Structures are given as structure tokens and as C-alpha cells.
Amino acid sequence: MTTLEVADADWTPEFGRKYMAAFQVMQRARLMENKIGALYRSGGQVVGGVYLGRGQEAFSGGLGVQLQKGKDIYAPLIRDQAGRVAFGEEELDFFRTYLGAAPGPMRGRDGNIHRGRPKEGLLAMISHLGSMVSVVAGCLLARRMAGRLGDAVGATSIGDGGTSTGAFHEALNLAAVEKLPLIVSVANNQFAYSTPNDRQFACETLVDRAKGYGVRGWSVDATDLAQCLKTFEAAVAEARAGGGPQLVEGCLLRLSGHGEHDDAAYVPDAIRHSRLGQDCLLRAEKQIVARGLASESEIEQWAARVQKEIDAVVVQVAREPRPDPYRERWEAFSVRGMVEGFAE
Amino acid sequence: MTTLEVADADWTPEFGRKYMAAFQVMQRARLMENKIGALYRSGGQVVGGVYLGRGQEAFSGGLGVQLQKGKDIYAPLIRDQAGRVAFGEEELDFFRTYLGAAPGPMRGRDGNIHRGRPKEGLLAMISHLGSMVSVVAGCLLARRMAGRLGDAVGATSIGDGGTSTGAFHEALNLAAVEKLPLIVSVANNQFAYSTPNDRQFACETLVDRAKGYGVRGWSVDATDLAQCLKTFEAAVAEARAGGGPQLVEGCLLRLSGHGEHDDAAYVPDAIRHSRLGQDCLLRAEKQIVARGLASESEIEQWAARVQKEIDAVVVQVAREPRPDPYRERWEAFSVRGMVEGFAE
Amino acid sequence: MSLTYLEAIREAQYEALNTRPEVFLYGQDIGTFGGAFKATKGLSKEFPGRVIDSPISEDAMVGVAIGAAIEGARPILEMQFADFSSVGFNQIVNQAGTLFWRTQTPCPITIRLPSGGTPGSGPFHSQSMESIYAHYPGLVIVTPATVDDAYWMLLDSVDLDDPVIFCEHKFLYYHLKADALGGRGLPIGKARIVRPGRHATVVAYSAMVHEALRAADELALDGYQIEVVDLRSVKPLDTETLLGSIARTGRILCVGESFPWGGVTAEVVARITAEAFHLLDAPPMRLNSKDTPIPYHPNLWKAHRPTVTTITESLKHLLRY
Amino acid sequence: MSLTYLEAIREAQYEALNTRPEVFLYGQDIGTFGGAFKATKGLSKEFPGRVIDSPISEDAMVGVAIGAAIEGARPILEMQFADFSSVGFNQIVNQAGTLFWRTQTPCPITIRLPSGGTPGSGPFHSQSMESIYAHYPGLVIVTPATVDDAYWMLLDSVDLDDPVIFCEHKFLYYHLKADALGGRGLPIGKARIVRPGRHATVVAYSAMVHEALRAADELALDGYQIEVVDLRSVKPLDTETLLGSIARTGRILCVGESFPWGGVTAEVVARITAEAFHLLDAPPMRLNSKDTPIPYHPNLWKAHRPTVTTITESLKHLLRY
Ligand SMILES: Cc1ncc(C[n+]2csc(CCOP(=O)(O)OP(=O)(O)O)c2C)c(N)n1
Ligand SMILES: Cc1ncc(C[n+]2csc(CCOP(=O)(O)OP(=O)(O)O)c2C)c(N)n1
Ligand SMILES: [Mg+2]
Ligand SMILES: [Mg+2]
């Protein structure tokens, strides 16, 4: 198991630029989620539940910025808004899905965090935890078989709770057997909904599992963007170089409820006030200012600009049509003519 | 991970007696399986397939002799004839099931290795690999909840191939969370049907997984009865003492096909002739003679006596009635009156 | 004191825990948190050590329940959503469903499946899986439609020595209220005539009973008396009560919320046709959800499942035959 | 050159590998070993790197196939026995079945399920799961009964852009032989009239087609002309061909080997009743296996599934109505 510490020497200008880029990804994700949270609470506009990645932006975005859309595969999970932004998912896709606008990628058929564009390498998760890991493995296997894998990787994430699923185990084991360039990031946010880690697993740290799969394990303080960046850069590089699956555990806390309906009263104050409870975005902001990469007011200006974009998108989406059941093609098959009439 | 070596000092008279008892269990299992194999090949009498534990008797029996029927739970798998003998399963149950006699515990409804008597703590496996681990965990949990667990343990086994199932993962993780006195013995016989280990997992040894579950791991040369005995004694004692689940990996080879229909041509000669390919029964026999615990002719006499018993049972079972579809109660429910008529 | 359908489920679990020491509850987030829907609220405090949080491991959860049942316990398992029971499918159908038949060992487990659609829930938090489980031998499938049935049938399920799939409808959780709890009702396996009529019969179960009743109201305005039968359990399926109803009405529509291929409504139609062919004045009809995954957007969702409007239309069609 | 049903499946896979570079095979022991039933014998040698041994991980195997399909591959997955697909159930129904509908991304995977009973195989190596998968939207379920269909429908399945559950019957593997392979047959979704008749129709699929044909032979001795229809695929289900047949015979029996609650035979009866009520001279009948797990002992197994004897009896009953 590897933990990479970030020393002052690591702060090259190049690293600083990456850090700033990742920060902007995080900031945008936070603002988008804040907006959707507010719309949810004000009622009426958001369709379905809202599950946020607040506090997990450094870990999610830290992986996302290593990936290249058009080349890599990415299967984000429920708290990966930052990873999605980094991967280049359009803001429109986010708001159209949450607000149930018909032109979104899911056209009202599936919602919020389930959105994706598989043909562009952005998989659309199903709810069943653990189920996406093998799908990413399959993408990679097929590409390798077709001789067009190159140095692409596939990445997906999972929570502490999701590691208890058989699906997770089967898929990681299989990927290890096939030595696929798969990155699995485990966002250990100490809780699965209300269930604390000690009711979820009995090992000391989840990265202890890496050896049992024969894969490389990495551990990171996920509230620290610098460590996230350095670690994911190394892990993704190792996968690209043929090192097989990489298991990266990030320790952190989600700074929201499980969903916006949940007040997370089950999280003890002691944990909230521990190192785990730090807000990665604030930490990164302080770091940027301290290192003189940007000033507070510059950061505020970025935020204001993004906020304006977001507000404009929301206005646009609010005007878009909603799905129309009469125009809906009620067919689950892609091949026409496969469908049958059920006499009613 | 612990490996216990057996030194000369371990060979106390007490250990010698245990060794002899375990040997007799192994011998009986081997003779029973030889008989059923012969009946299978001669055709006509055996119903369904025959899956033998030849070569795995030391590992299976070594666990079985630690268990007490009426107190412990045991869920044997396909290569656990020795464990069954040690646990006290009747010879009649074995032959009645294989030969399809109606009075057997499964009454023709299920067959061969699927037999069991759950109410006596001997679970009846379903075929789906990995599925029994959680069932044993459930037995233990219920007993603990009812305050009648005492120092009982539950034991089950699995093959190298079975460790790739999600069911195995979920169950072992859950048992670790509940710190249940569960022993899982992994008979790593290098192949799952025809599939070699390098197509099944990528870790160095399967016991490397113990740490990732937070359970104690043990490794044993499973062709050596002495090591099996010493290890299982320690592992079972630790579970009885509240040490939680124990994962015991035994390395060996099955000295038969996957089933008796299979010639195992896929097993390379190099492995056959390696240490893994040693016959645990012959090794134990030599050990007994070398240590002066019994003579070759005494061992032969034991075999002759057991063989006679076996032959008598086969004759008896051959005369017993076969299941009669007209007398069969075609109801899957235990509660009468739940059944419905399907108009035909 | 009024009681919702959800509260009835909580109360029944309270009662089961209180009166039968063999009962325990197992599921994700059901302990201190009280469950995703609060169906176990407060129970872990009242019954320490008997309301247990599980890891996210549906396969193992079912296995644990089965093992516990072998040891004489009567576990109630909560799936967070019915849809996630697909991960425990193998243990449910192959281990629980076969245990008694193979070994003569009863398997008294109850698996609670928060089922059915609600707006905005989408393809993986809306499924009705009764037809899937009913197809396999050895499982009892109950589908309560009322507050009383939610309460009493859950207690009956716990009492039953066979594995029960308890399909509780999420849409009824908060919407359905009773002023007070009634006395013990019909046993599992008996359907109930909810509303007598003479022109046609609607057979429904779970949330669809209420849509059917509203459709019957609508048609009453046109002078039709529609009989509404609540199946209550889809396995066993009470063919006799259905035959009695058809003897009176001669026309039958079966409504279900699950997917249209096979399933409850097909089973009902097949039985009725076989046994009551001569009583039928019109072909038995059925109405199900559409043959696609369950849509997320409420506009689509409302059109995907049967509603009072489509039931009314179908009935008009049936009455015209 | 004669060809068994099993050989046809092997040959079809050979052809698919040979003509479509997107095809690969994935499953337990299917490589050098050639599979538990030898359905992939020799293929790993002929197509190196495209016939891959998987770990014992049915959930992940299905996930891998889906991922590969997203990337443009057309994988054929072998389950060692249909029964073990229960472990991959979630990925099959929730991931494969919904992919296109949710994301407009086709999912051209074929999952081969060695299905159905053989003597001595017991509850977990004998199941017919077509009804389970057909209930969920988005899956095509084919059930070939002949050597030609085994070959051509497997190729058709690979060509189809939707997920196909290919239910091949183990009892036919060695028992069923053809002298030579015929030309490309009907497309998936079309039933075939295997034997024309005018007194009654038997609808069957997979191994039951052959039992039905033997029953028709028996009844021919009594002067009855029984029409036998082979469904070929149970989803889509070719209602039109059935209606045509009923228009001729007025009487119908549907035979299936899976469990009796719901499933193919109920679906067939429900459709026919709805659409051809006026054509029926007798209530549509169905005949399935019994509602218990599938017994291990051949004495019990033979009585559990429909046979020529019970089909003949049912037909006599139907003809007498
Ligand atoms: C197989 C399965 N079971 C249950 C659920 C319901 N569920 C959704 S999220 C969640 C908790 C997930 O916890 P974790 O994996 O730690 O992720 P986090 O929410 O903490 O990011 C649960 C139980 C599910 N989605 N899938
Ligand atoms: C879930 C599941 N998939 C497939 C099978 C078919 N199967 C039966 S035994 C076996 C190989 C088992 O190998 P292993 O676990 O190593 O045990 P061994 O036979 O070597 O003792 C397979 C694939 C099964 N029983 N269960
Ligand atoms: Mg978590
Ligand atoms: Mg093995």
C-alpha cells in the first residue's frame, strides 16, 4: 500500500497549474450542486432525489482530471460531480436531467446521477452498487481484444458501503486476472447512508484488500487536493503503463446528507470535527492563496463567472419541453419489429 | 498469515491418537468414494454425477475432526466426504443418496453431494458456489442472539474457484463484521474444473485475502495430515475463544477428475508430480508406520473391516425402494393448505 | 388514533418482536436510523440487539436469514428497495425456496420488499417483483393493499413456516391511512371482495386496488356496478373467490403494476379461462405497466403504469364486448 | 454429415467467430477445455485470444459482456448451467435489459443458458429460466427446438442489436440429430407450424416440441390431427401464428417445461384468450412442470415435467370438451 506525501518540492509551476485547474473543477461542481440543492429545497423544479458529492470534490475531481474524454472510460457514481466536470460532461446534461427536461441525455427515462453517454466513454450507472466495475472492465477487455486499447484506462468509483457487494469483489478480481488498466477509487466517507464503517467491514483499512486481489493499493487523505492529484497521477500512470488495476482509497467525510432529504444526524460531532471533516474546497482555496497562485478575490471572481453560467443554463432548461408520454417510443428494444403488442 | 510447522515435539501420544483417528476417517472416506466411483463406472446403479474428494481427505477430515455434531454447524462442499465422516454423517446417508434409495435424507429429491440434515447441524449445500457461507453465518448469528451459542463454531469449505463468487465475499465480510466463530477452509486444489488458478485470481495466495476481511488467516500444506490437524485445532480453538472468523487455505491437488466423467487431462504432469500432487492418505499411512503407531498389516485390516461394512451397506441399499412419484407429496411448502391446484 | 400503511408495518414489526422471541430484524440502516422509509423507527432502542444493521450485501443477507431460520429464528429482512433484491435473487429462489422441499426443514423468513412506483424514482427504485418470485416454487408472495392487511399479513407472514416475500407498496406508505386498526382479517391465500358488483369484476392487488376502486366509482356514475377483488396474496392465488365473482359478473379485468409479459395478470387469466370458460361473457382482459423499464420523469411514469383512467377505459371496453 | 443440436451450437459459434471480428466467447472452462458440454470444443485454438476462460463470477461475467458490447463487441457468454445465471440476474435484467432504453446504446450480447431437465441433474442443474427473463423488458428470449434453429438462431442472436437469452436445451444436446444443416430459417420472433392439423393445436417450445410431436403421433392413431406449433422465441412471442392456428383448430394446449406459476404458458393463454376468444371451442389449456423444485431421481423427474403421456392425456381432455 502506497501513500504519497506532498512535499514543497512537488509544487512545481506545472503542479501549480494542475492544482488550479483541478480546483476550478471542484469549484464548479460545488456551485452546480449548491444550485441543484437550493432548487430541490425550494421545491417543484427538481425531479426525484438529490445526492451530492460535497466534500468529495478533491478525490473525485483528482481522478477526473487524469482522464481524457474520447480516450478513457469513466463510470462515475453518486458523489462524482467533480469527476464528471473534469471529464468534460456538459453542464446542460446535469441540469436537464435533474430538472427533467426532455432534451437531456436520458430524456426523462432515467434521472439525476444515473445520467451518462456510454458511446462517449461516460457510462450511465445503474443503482445497484458495485455493478459498474465489471462493465468498465468489459469496455477495456473489448478494446484490448480489438487492438485499440492503447494506453487508455477505465475508472470508476465506489463507496465504503459498495465494497461489501459481491459485484465489487467479482469485478475487481476479474479485472486483476485480466490485468486491465482499471482504476477503482474507493471514497471511504465513513458511512453508507447511516451505517458506519464498523458495521460495514472489519478490516483496518479498505486498501488492505488490494493485496488479496493482487492489485496495487494506494491510500490518500482525500480532503487534500494535492495528495489526491499526486496519487491519482501516479496510479493512472501505472495503469496506463500496464500495471493492472489500481485500488485507491480516499478517507474523507461527505459534507451533506446521504441525499438532500437527510440531515445526517447520525454522524457524530467528533468525526465532523476531525481531520476527516475538513472541506477539501476550503483547504484548496487556502492553499492557493497561501502559495500565491491566486488571490481570494480572483477566486471569488471565478465563482461569480461560473455562477452566472449556471444560472443561465437553469433559465434555459426551465423553458425546455418536458417528456411527452404520447410521443414517447415505448419500446425497450433497439431493433424495431421486436416489440409485441400486449392486448389490453 | 500463520503457518504452523509440525515438529517432533508435537508428536505427543495424544497427538498420535488424534492422528490415527483422523487417518481412519480419511481411509473410510477414500474407501466409500472408491466404491461409489466403481459403481458409477460399472453403470446403472448410481444416479447423477459423482464428485470425489480424493487427495483432499487430510484437509477436509482435519477440519471435520475438530467439530462436534450436536454442537457445531458444518456445511461441507463437494470434496468433503472425509469431513462428513468425521462429523458423524452416516454411511447410509451417503449410499442412499448416491444410489437414489427412497429412505435417504433427500428422498430422491436432491442428490449426492447435496445431502444434509440441517436440523442436526449438517447443512445441505445448494450448487451455487459460495452460497453456503452466509447460511452458516446466519446459524451462528441466530444462536448467539438466542443466547445459546456457547463455544460452538460453524465451518464450511470452498474451492479456489468458489472464492471468485460474490457470495463468498459478502458472507465472509459480514461474518467478520459480526465477529462470528466461522471457519472457512479454502481447498486450493489449483483448478476449478479445468480452470487453473492464474485464470481465477491474481493474488499470490488466497490467504492474502484474510487481512482485507479483518480475519485471521492460516496456510497449510494440505497433503500433510499432521499440519492440517495442528492448524485446524488452533484455528477452531481461536474461533471458539471469540477470535472471529478464521480463513484456512490448504494447498493440494485433487487426485481425480472434477467429476468421475472427467479425466483431468488439463492438469499438467509437472503439477501432478510436484509436492502438491502427493496423496495425503499414503503420506499419513507412511507416517503412521514410521512412527510405529500401527503396522502396515493393521492398517490393511482396518481397511478390510471398513470395506466389509461398506459392501454390506451397498447390498442393503440396493434392496431398498426407489422414490415413487405417485406417493410423492408434490408440494414445496411446509404449511399444508398453501398449495394451489394448477388446472391442467 | 389514525395509522398509515407504513406505520402499520412498523407496528406489526413491533408486535412480532414483542411477542415472539425468535423474531429479529435485519437490513441496511434499519437500526438507530430506523430504515430508509422509517419502517423500523425506534425499534432498535426498544429491542436492543434484535434490530441489526447489515452491510450492503443482499446475497449474504438472505443467506443469513435462511441460516437463522434453520436455527429456529424467524427473521424479517428489509430490502432497502424491492429492486435490490435482484442481488439476493439466487439465495431467495434457490436456497430459501427449496430448503423445505429438499430437507424437510422449514424456512420461516419474511423478506420485506418496498415495491412499486412513485414519481421520480426511476427504473431501479420502482419495481414490482411479485411475478418473478411467484414463478419459483416454495415462496409465498403477499401483496397487501390496506392498512389492516399491511399489519395483519405481516404478522401472518412471520407466523408462517414458509418463506414469504412481503411486497409492500411505497406509494401507499404515507398516502394510505386508516382511522384505527381493524381485527385480524382473512388468512394469507384468501382474496377479498372489496366492493361487490354485478356488471364486471376487476381483480387487483397492492396499490392497484385503489386505482380500481376509483375506476369503479367512475363507472358507477354511468350506472355500472363493478366488483373489485383484492387478491391480497398472489401466491397462493385464490382462484375460488375469483370464480365466484365471475359467476356473478361474467366479465373480468385483471390489473397489475408489474411488467406485462407473464406475471400475475397472465396467471389469473390463464386460471380463469381454464376453470370458468363457460361463465365468461367476454374474454378476460388484463392491464399492466408498459414493457419498458419504469421511467423516472413523472410525465412518463404516469403513462407507464395503469391508472384510474386506463382502468376505466379497459372496463368500458370489457363492458361493451 | 450428421449434426447434433450441440454440434450446431458449436458450429454457429465457429461461424460467428469466423465472420464477425466483434464476436468473442466468454465463460467458465470454455477455452482449451471446450466447456462443460463441449459446446466450444476446439474454438480457442482456432481463434486465439477470442475464447476466454472466466472466473466463477456470473455477475461480473455479464457486466463484462455489457461493457464489451458498449465498445462495439458482440460477446457470446456461456453460463455453465442456466441455473447459475441466477447469480448474474441483476446485471442481466437491470443492466443489459435497460441499457438501450436508458441511453440509446445498443447491447448486442448473447447469453447461452444450457437449460432444462435431464435425469439425475436435480434442482440446480435443470432449470428453464425463459419465463423469468421474459418478464423483464428489453431482453429477447429464444428457445430453439431443432438443430437448424440451434444453429441459425444463435447466429441471428449474435446479429441482433439487443441482448438475447439463448435457452438451449441440454436434453437435446446429444439426442437430437439432423442429417445436414438446412438453410436459414424464420427470423427470431416467428413461430413455426411444425405439423399441421385440424382438431387441436399444441403450442410448445424447446424440448417440449418433440414430446408434443410424439403426442400428436399417438393421437393420430385415434384419428385426430393435432397441429403442433413451435414458438421458437418466447419473447417476442408470435401471437399471429397462434391465432391462425386456432382459427383452424379452435382448441389449444400450451406446454412448457418451466414452473407452472406464470411464465410462457400463462402468457400464451392470456394472449389467445384476449385476441381469439370467439375462435375458441374449448378453454385454452396449459401444461407445465410441477410446482416444486426439479427432482434429482429420474423416477420423480419423469413425473415432474410434461411428457408424451401427460400431453396426450391433456389433449384428449381438450378434444372431449
Ligand atoms: C445493491 C444495493 N443495495 C442497496 C442500495 C441502496 N443504497 C443506495 S446508496 C447506499 C449507501 C451507499 O454507501 P456508500 O457505498 O458508502 O456510498 P456513499 O453514499 O457513502 O457515497 C445504499 C445502501 C443500492 N443502491 N444497491
Ligand atoms: C455460481 C456457480 N457457478 C458455476 C458453477 C459450476 N461449477 C461447479 S463446480 C465448479 C468448479 C469449482 O471449482 P473450485 O471452487 O475450485 O472447487 P473444486 O471443484 O476444485 O473442489 C464450477 C464452475 C457453480 N456450481 N456455481
Ligand atoms: Mg460511504
Ligand atoms: Mg479448485
Side-chain angles (χ1 to χ4, degrees), chain A residues 46-49 97 100-102 104 106-112 114-115 125-131 159-169 191-196 198-202 258-259 261-262 265-266 322-326 328-333 339-344, chain C residues 28-36 52-61 80-81 83-84 86-88 90 118-125 253 255 259-261 265-266 283 285-304 306 310-311 313-314 317-318:
Chain A
V46 172
V47 179
T97 312
M106 313 306 277
R107 294 150 308 130
R109 294 179 173 185
D110 204 348
N112 47 51
H114 297 101
R115 70 191 183 278
M125 64 173 271
I126 67 167
S127 294
H128 300 72
L129 294 167
S131 301
D160 36 272
T163 64
S164 299
T165 61
F168 167 79
H169 170 75
F191 290 87
Y193 209 152
S194 76
T195 305
D198 66 355
R199 294 295 309 157
Q200 195 70 242
F201 53 82
H258 174 64
H261 59 279
D262 170 33
Y266 44 80
R322 268 37 192 172
D324 176 351
Y326 297 102
E328 180 65 27
R329 183 175 161 223
W330 290 106
E331 300 184 11
F333 294 120
V339 185
E340 356 172 38
F342 288 93
E344 279 169 4
Chain C
Q28 293 151 24
D29 305 294
I30 66 164
T32 329
F33 189 63
I52 307 174
D53 282 335
S54 75
I56 305 178
S57 302
E58 283 79 4
D59 182 283
M61 287 160 63
Q80 201 152 79
F81 284 80
D83 317 51
F84 301 133
S86 57
V87 178
N90 177 56
T118 48
S121 295
F124 311 116
H125 289 76
L253 166 70
V255 184
F259 302 122
W261 195 103
T265 60
M285 286 177 73
R286 55 189 173 136
L287 185 60
N288 294 289
S289 284
K290 293 197 193 296
D291 196 28
T292 71
I294 300 149
Y296 155 74
H297 198 284
N299 289 359
L300 301 180
W301 175 73
K302 276 184 226 147
H304 185 266
T310 56
I311 299 172
E313 272 167 32
S314 294
H317 195 82
L318 182 66

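Every heavy atom of this structure was used, including side-chain atoms; hydrogens, water molecules and symmetry mates were not. All figures in this text were calculated on a predicted structure; none of them were measured in a lab. Below, read A as the first sequence line, B as the second, and so on, with proteins coming before strands; counting in each chain starts at 1.
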A.B. asks: Highest number of heavy-atom pairs under 4.5 Å with chain C: which of Ser194(A), Pro325(A), Gly48(A)?
C.D. replies: Ser194(A)

A.B. asks: Just verifying a value: how many Å separate Gln200(A) CD and Gln28(C) CD, rounded to the nearest 0.5 Å?
C.D. replies: 8.0 Å

A.B. asks: Could you look at Ser121(C) and say if it's the side chain, the backbone, both or neither that has a heavy atom under 4.5 Å from chain A?
C.D. replies: neither

A.B. asks: Measuring heavy-atom distances to chain A, does Glu313(C) have an atom under 4.5 Å in its side chain, in its backbone, in both, or in neither?
C.D. replies: neither

A.B. asks: What part of Leu318(C) is in contact with chain A, defined as an atom under 4.5 angstrom from a non-hydrogen atom: side chain, backbone, both or neither?
C.D. replies: neither

A.B. asks: With a 4.5 Å cut-off on side-chain heavy atoms, are Pro323(A) and Tyr296(C) touching?
C.D. replies: no

A.B. asks: Answer with side chain, backbone, both or neither: which region of Thr310(C) has an atom nearer than 4.5 Å to a non-hydrogen atom of chain A?
C.D. replies: neither

A.B. asks: For chain C, which candidate among Asn112(A), Thr163(A), Val46(A) shows the most heavy-atom pairs at distances under 4.5 Å?
C.D. replies: Asn112(A)

A.B. asks: Could you tell me which portion of Tyr193(A) (side chain, backbone, both or neither) has an atom closer than 4.5 angstrom to a non-hydrogen atom of chain C?
C.D. replies: both

A.B. asks: Would you say Ser57(C)'s side chain and Ser164(A)'s backbone share a donor-acceptor pair under 3.5 angstrom?
C.D. replies: yes

A.B. asks: Counting only non-hydrogen atoms closer than 4.5 Å, does Asp59(C) touch chain A with its backbone (N, CA, C, O), its side chain (CB onward), both, or neither?
C.D. replies: neither

A.B. asks: Classify the angle between the aromatic ring planes of His114(A) and Phe124(C) as parallel (below 30°), tilted (30 to 60°) or perpendicular (above 60°).
C.D. replies: tilted

A.B. asks: Go through Leu129(A), Ile126(A), Val47(A) and name the one with the most non-hydrogen pairs under 4.5 angstrom from chain C.
C.D. replies: Val47(A)

A.B. asks: Under 4.5 Å between any side-chain heavy atoms of Phe168(A) and Ile56(C), yes or no?
C.D. replies: no

A.B. asks: Between His125(C) and chain A, which part of the residue has a heavy atom less than 4.5 Å away: side chain, backbone, both or neither?
C.D. replies: side chain

A.B. asks: Chain C: which of Ser131(A), Gly161(A), Gly130(A) shares the most heavy-atom pairs with it under 4.5 Å?
C.D. replies: Gly161(A)

A.B. asks: Over 60° means perpendicular and under 30° means parallel, so classify the ring planes of Phe84(C) and His128(A), tilted if in between.
C.D. replies: perpendicular

A.B. asks: Heavy-atom pairs under 4.5 Å with chain C - which of Met106(A), His258(A), Glu328(A) has more of them than the others?
C.D. replies: Glu328(A)

A.B. asks: Among Asp83(C), Ile52(C), Thr292(C), Leu300(C), which residue forms the greatest number of heavy-atom pairs with chain A at distances under 4.5 Å?
C.D. replies: Leu300(C)

A.B. asks: Quick one: does Asn299(C)'s side chain have a donor or acceptor within less than 3.5 Å of a partner on Asp324(A)'s backbone?
C.D. replies: no

